[in-house]
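These values consider heavy atoms only, across backbone and side chains, with no hydrogens, waters or symmetry-generated copies. Given the structure is predicted, the values throughout are model-derived calculations rather than measurements.
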Amino acid sequence: TRPASPSFAPNSSDNSRWLFPSHDFSFKLRPGEDKTAPVVDEKSDLRVTLEGSAYRDAENGLVFDGGQGWAEIDGWEWGGEVVSFELLVNMSFDED
């Protein structure tokens, strides 16, 4: 397990509960892992299931080809808490 990344919630009177994330999904493919296998949250039992043409690789993490690929977070409940995501996006377009 890798160390948690501290984060900060601006405009909050109690920042202590925002110092460490509640969930941590590592989408970069590790040696020996299947590129289409579900990704398990490192802090809970939540799983991200890759569907369609979605896959993971060691360099880019989660990869969508612009077609029929998506990811589903199993058991995720929205609401009641602040949610933030870190996304690093690499996009390329065909000229066709």
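- In this structure, D41 CG and D74 CG are separated by 11.5 Å, a value rounded to the nearest 0.5 Å.
- The heavy-atom pair separating L62 from A71 by the smallest distance is CD2-CB, 4.3 Å.
- Distance alone, capped at 3.5 Å, places no donor-acceptor pair between the N60 side chain and the V63 backbone.
- Minimum heavy-atom separation, A37 to L50: O-CD1, 4.1 Å.
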I would like to know whether R56 and K28 meet side chain to side chain contact (heavy atoms under 4.5 Å, CB included); could you show each step before the answer?
CA-CA 6 Å; R56 299 182 301 139; K28 291 210 173 182; over 6 Å; no

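- By the criterion of side-chain heavy atoms lying less than 4.5 angstrom apart, applied directly or through intervening Ile, Leu, Val, Met, Phe, Trp or Tyr residues, Y55 is not grouped with V48; the two fall into different hydrophobic clusters.
- Shortest non-hydrogen contact noted between G69 and S53 is N-OG, 3.4 Å.
- Residues L46 and F27 fall within the same hydrophobic cluster, defined by Ile, Leu, Val, Met, Phe, Trp and Tyr side chains chained together at heavy-atom separations under 4.5 Å.
- In this structure, the separation between NZ on K35 and CG on L29 is 9.0 Å, given to the nearest 0.5 Å.
- Under the 4.0 Å criterion applied to side-chain N and carboxylate O atoms, E42 and R30 are assigned as salt-bridge partners.
- The two residues W70 and F64 come nearest to each other via the heavy atoms CA-CE2, 3.5 Å.
- Both V39 and I73 belong to a common hydrophobic cluster when Ile, Leu, Val, Met, Phe, Trp and Tyr are linked at side-chain heavy-atom distances under 4.5 angstrom.
- Rounding to the nearest 0.5 Å gives a distance of 10.5 Å between CZ of F25 and CZ of R47.
- At most 12 heavy atoms of other shown residues, nucleotides or ligands fall within 6.0 angstrom of atom CG in D45.
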